[in-house]
Amino acid sequence: MTIIRVSQISEYVDQEVTIQGWVYNRTHKGKLVFLLVRDGSGFVQCVAFKGDLDEELFEQIAHIPQESSIRVIGSIRADGRAPGMPGGYELGIKHLEIIQAAGEDYPMALKEHGVDFALEHRHLWMRMPSQWAILRVRATVTRAIREWLDNNGFVQMDTPILTPAACEGTTTLFETPYFDEGMAYLAQSGQLYNEANIFAFGRVYCFGPTFRAEKSKTRRHLTEFWMVEPEAAFTDLDGLMEIEEQFITHIVQCVLRDCPNELKTLERDTTRLEQVCGPFPRISYDEAADLLKQMRDETEDPEQKELLAFEWGMDFGAPHETALTNRFDKPVFVYGYPTQVKAFYMEPWPGRPEVCKSVDLLAPEGYGEICGGSERISDPDLLLERLHQHNLPEEAFAWYLDLRRYGSVPHSGFGMGVERCVSWLCGIDHIRETIPFPRTIKRVYP
RNA sequence: UCCUCGUUAGCUCAAUUGGCAGAGCGAGCGGCUGUUAACCGCUAGGUUCCUGGUUCGAGUCCAGGACGAGGAGCCA
């Protein structure tokens, strides 16, 4: 008997097959029982008719607990009434074997749940269609990331997770004892190592978990999140933006192409996503500041006026990013931030030392920053000066300074937060649903 | 760290001025041949977050605490 996966069901119409999975839902109507069975690849309705089965089996099916694991045999038929994913096909049950009857106290009702309850039961919550869809989009995003980078000359170089000190000297890090060497810190970025790697490989990327111990409690923050960081030699800020827009375009198009069912499950309006292809609008920080002033002057709402309060030199807050991105249909680049709000290694703007060659990419529909990057300082003397200005220990950065002494070149790179990207593509409002087991300031379970 | 809010059945929530602890969903049993969050009937299910106080009487008022959420700052 052919064992098939639900995602392939349309190829087996009128054939007798076996499906292995779990009972997601059960409803019955006298002599009919409908089981909604999921197998990881999709959801399919299986129908038991009393007249077709011996009485003991029918009774067993009629009382099978939710989430029981089963093996079901029957023939596939097309039927527009059948729910499921992809839907429109159902299996007429000829035989069913219960692998394990689930306990009758399964806690996840097929309704909405509060945040705390859902997160406490993350190990079960992920079985539900919305979470199944989001996490499959995530898998598509990570595949698209590797695909584009691998196809465009970027070599994957894994950077260390245990690191000797702060990468940028600002954010709070998780620390752990490290033998006789004092404390080691969980990586908050692989960028500095990437900068070493480009001198050997030209274009590289690292892709892995990243850790920030900041007590951020917002819908945009996790303490453990995944970041991809490409870095390219012989690339200036304009070149970096070209890379970013091709990269993002590829990711969006892969998701639209490969995840239509998932996006439909999430009721994502894809018309906005379909407009996402490069080139993206580019505005300077100065222009963004003017735009914000203009928007603040135009609004009548005093609350909005206060939220949009802004002075040159500030970094953008979430309300500023939302207001800015609402003016555009595509992701928008904001480049040339004030040097004082950015990291020490960013190349100054020619003739304007108060501004640096940095660029953030803001996603539309209010999702805000998904990529942050810059052209890096390539002059060894300037880099040393910046280290001193930021009170960073020169010895710890000796290897990093070496990179500017032996064949320094203009180079640039950026980081993209996977969870923020997936949130945007899925149209959900909190990034904790975009990673299988989210780590937040208040949660390390399960 | 700061500001705001919340905690009542397995889940989502209601409970009027301080006056008998409720509903829907979920679970169990029964009914129905096309359900889409089916529907109908019955049953079970409670330390109202904790501690103390006021009161004849507290889910409700007061004080303290615990836990959680949203936002700010910081960032991806």
Side-chain angles (χ1 to χ4, degrees), chain A residues 24-36 43 45-52 58 62-63 65-67 77 79-85 87-88 90 92 102-121 124-125 128-129 167-168 170-172 188-191 209-229 306-307 309 314-321 341-343 360-363 367-373 414-424 429-432 434-435 440-443:
Chain A
Y24 174 69
N25 196 10
R26 185 192 78 221
T27 182
H28 43 93
K29 198 176 188 311
K31 297 185 172 104
L32 275 175
V33 178
F34 301 98
L35 300 181
L36 195 55
F43 294 71
Q45 173 163 279
C46 299
V47 186
F49 176 49
K50 193 167 188 172
D52 293 343
F58 182 82
H63 292 91
Q66 183 189 359
E67 290 301 321
R77 54 184 177 247
D79 190 318
R81 293 170 297 186
M85 191 56 61
E90 64 181 19
E104 283 165 3
D105 53 352
Y106 186 70
M108 299 297 289
L110 307 181
K111 299 278 165 115
E112 75 278 16
H113 292 285
V115 172
D116 191 47
F117 181 85
L119 287 176
E120 194 70 14
H121 295 84
L124 306 176
W125 186 28
M128 299 186 76
C167 165
E168 303 179 15
T170 52
T171 48
T172 318
Q188 59 153 336
S189 166
Q191 181 205 313
T210 304
F211 306 89
R212 306 266 167 102
E214 279 155 356
K215 295 194 172 179
S216 299
K217 277 185 61 175
T218 80
R219 67 185 66 193
R220 298 158 50 75
H221 290 87
L222 298 170
T223 55
E224 177 182 318
F225 65 97
W226 278 62
M227 184 158 68
V228 58
E229 295 176 277
E306 192 180 326
L307 280 173
M314 288 170 55
D315 205 350
F316 298 122
H320 305 119
E321 289 184 354
V341 300
K342 290 291 180 184
D360 285 356
L361 182 65
L362 309 182
Y367 282 91
E369 182 181 351
I370 55 170
C371 299
F414 69 97
M416 184 189 77
V418 169
E419 290 79 12
R420 287 187 179 177
C421 181
V422 176
S423 294
W424 165 47
D429 69 353
H430 202 302
I431 65 170
R432 65 187 157 215
T434 65
I435 187 167
T440 63
I441 175 173
K442 290 292 182 185
R443 182 172 295 282

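Chain naming here is simple, since letters A, B, ... match the order of the sequence lines and numbering starts at 1 in each. None of these values were measured; they are calculated from a predicted model.
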For [X], answer base if it contacts any base atom (sugar-phosphate contacts may also be present), sugar-phosphate if it contacts only those atoms, and nothing otherwise; contact means non-hydrogen atoms under 4.0 Å.
X	answer
A/L36	nothing
A/M416	nothing
A/D315	sugar-phosphate
A/G84	nothing
A/C421	nothing
A/H121	nothing

Looking at [N], which nucleotide sits across from it as a Watson-Crick or G-U wobble partner, both distances under 3.5 angstrom, or is there none?
N	answer
B/rG10	B/rC25
B/rA37	none
B/rC61	B/rG53
B/rA15	none
B/rC2	B/rG71

**Q.** A/D116/A/R443 ion pair, N-O < 4.0 Å
**A.**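 Looking at A/R443 together with A/D116, the answer is yes, because their closest N to O distance falls below 4.0 Å.
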Please measure how far the [atom1] atom in [N] lies from the corresponding atom in [M], and state the result in whole Å.
N	M	atom1	result
B/rU4	B/rG64	P	14 Å
B/rC74	B/rC11	P	38 Å
B/rU16	B/rU54	P	24 Å
B/rC29	B/rG19	C1'	37 Å
B/rG70	B/rG57	C1'	37 Å
B/rC5	B/rA76	P	32 Å
B/rA15	B/rG59	P	15 Å
B/rC2	B/rG26	C1'	40 Å

Q | Close side-chain approach of A/V33 and A/F58, heavy atoms under 4.5 Å | A |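 A side-chain contact exists here, since the closest heavy-atom pair is under 4.5 Å.
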Q: Kindly indicate whether the side chain of A/E67, heavy atoms from C-beta on, has any atom under 4.5 Å from the side chain of A/M108.
A: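 Answer no - side chains too far apart.
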Just compare [options] and give me whichever is closest to any side-chain atom of [X].
X	options	value
A/P319	B/rA72, B/rU35, B/rA69	B/rA72
A/V47	B/rC75, B/rU35, B/rG34	B/rG34
A/P107	B/rG34, B/rA76, B/rG10	B/rG10
A/F225	B/rA72, B/rG70, B/rA76	B/rA76
A/H63	B/rA76, B/rG30, B/rG34	B/rG30
A/K29	B/rA27, B/rU36, B/rG34	B/rG34
A/Q45	B/rG10, B/rA76, B/rG34	B/rG34
A/T27	B/rC75, B/rU36, B/rA38	B/rA38
A/D116	B/rG68, B/rA76, B/rA27	B/rG68

Q) How would you list, by chain and number, every residue that makes a side-chain hydrogen bond (donor to acceptor under 3.5 Å, both in side chains) with A/H113, sequence neighbours excluded? A)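 Not a single residue meets the side-chain hydrogen bond (donor to acceptor under 3.5 Å, both in side chains) criterion with A/H113.
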Do any N or O atoms of the protein come closer than 3.5 Å to N or O atoms of nucleotides 1-8 of chain B, and which pairs are they?
{"unit_1": "B/rU1", "atom_1": "O4", "unit_2": "A/K215", "atom_2": "O", "d": "3.2"}

Polar atoms only, N or O, under 3.5 Å: list the protein pairs with nucleotides 41-47 of chain B and their distances.
none

Mind checking salt bridge (charged side-chain N to carboxylate O under 4.0 Å, His left out) for [X] and listing every partner two or more places apart, or none if nothing turns up?
X	answer
A/E104	none
A/E419	A/R138
A/D429	A/R219
A/D79	A/R81

Hey, is the side chain of [X] poking within less than 4.0 Å of OP1 or OP2 on [N], counting only N and O atoms?
X	N	answer
A/H28	B/rA38	no
A/R432	B/rG70	yes
A/N25	B/rA38	yes

Q: Specify the residue among A/A118 and A/K442 whose closest nucleotide of RNA chain B lies further upstream toward the 5′ end.
A: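 Final value for this comparison: A/A118.
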Q) Toward the 5' end of RNA chain B, which comes first, A/G114 or A/R77, by nearest nucleotide? A)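 Nearest-nucleotide comparison on RNA chain B picks A/G114.
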Q: State which residues pass side-chain contact (heavy atoms from CB on, under 4.5 Å) with A/E369; sequence neighbours excluded, sorted by chain then number.
A: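 With neighbours one apart ignored, the set is A/R220, A/E321, A/D360, A/L362, A/R420.
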Q) Looking at residues at least two apart in the chain, or sitting in another chain, which of them share a side-chain contact (heavy atoms from CB on, under 4.5 Å) with A/K217? A)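 Partners of A/K217 by the side-chain contact (heavy atoms from CB on, under 4.5 Å) criterion, ordered by chain and then number, come out as A/I441.
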Side chain of [X], base of [N]: donor and acceptor closer than 3.5 Å?
X	N	value
A/R420	B/rC75	yes
A/H113	B/rC11	no
A/E90	B/rG34	yes

Q | Spacing of OG1 belonging to A/T440 relative to CD belonging to A/E224, to within rounding of 0.5 Å | A |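 If I round to the nearest 0.5 Å, the distance is 11.5 Å.
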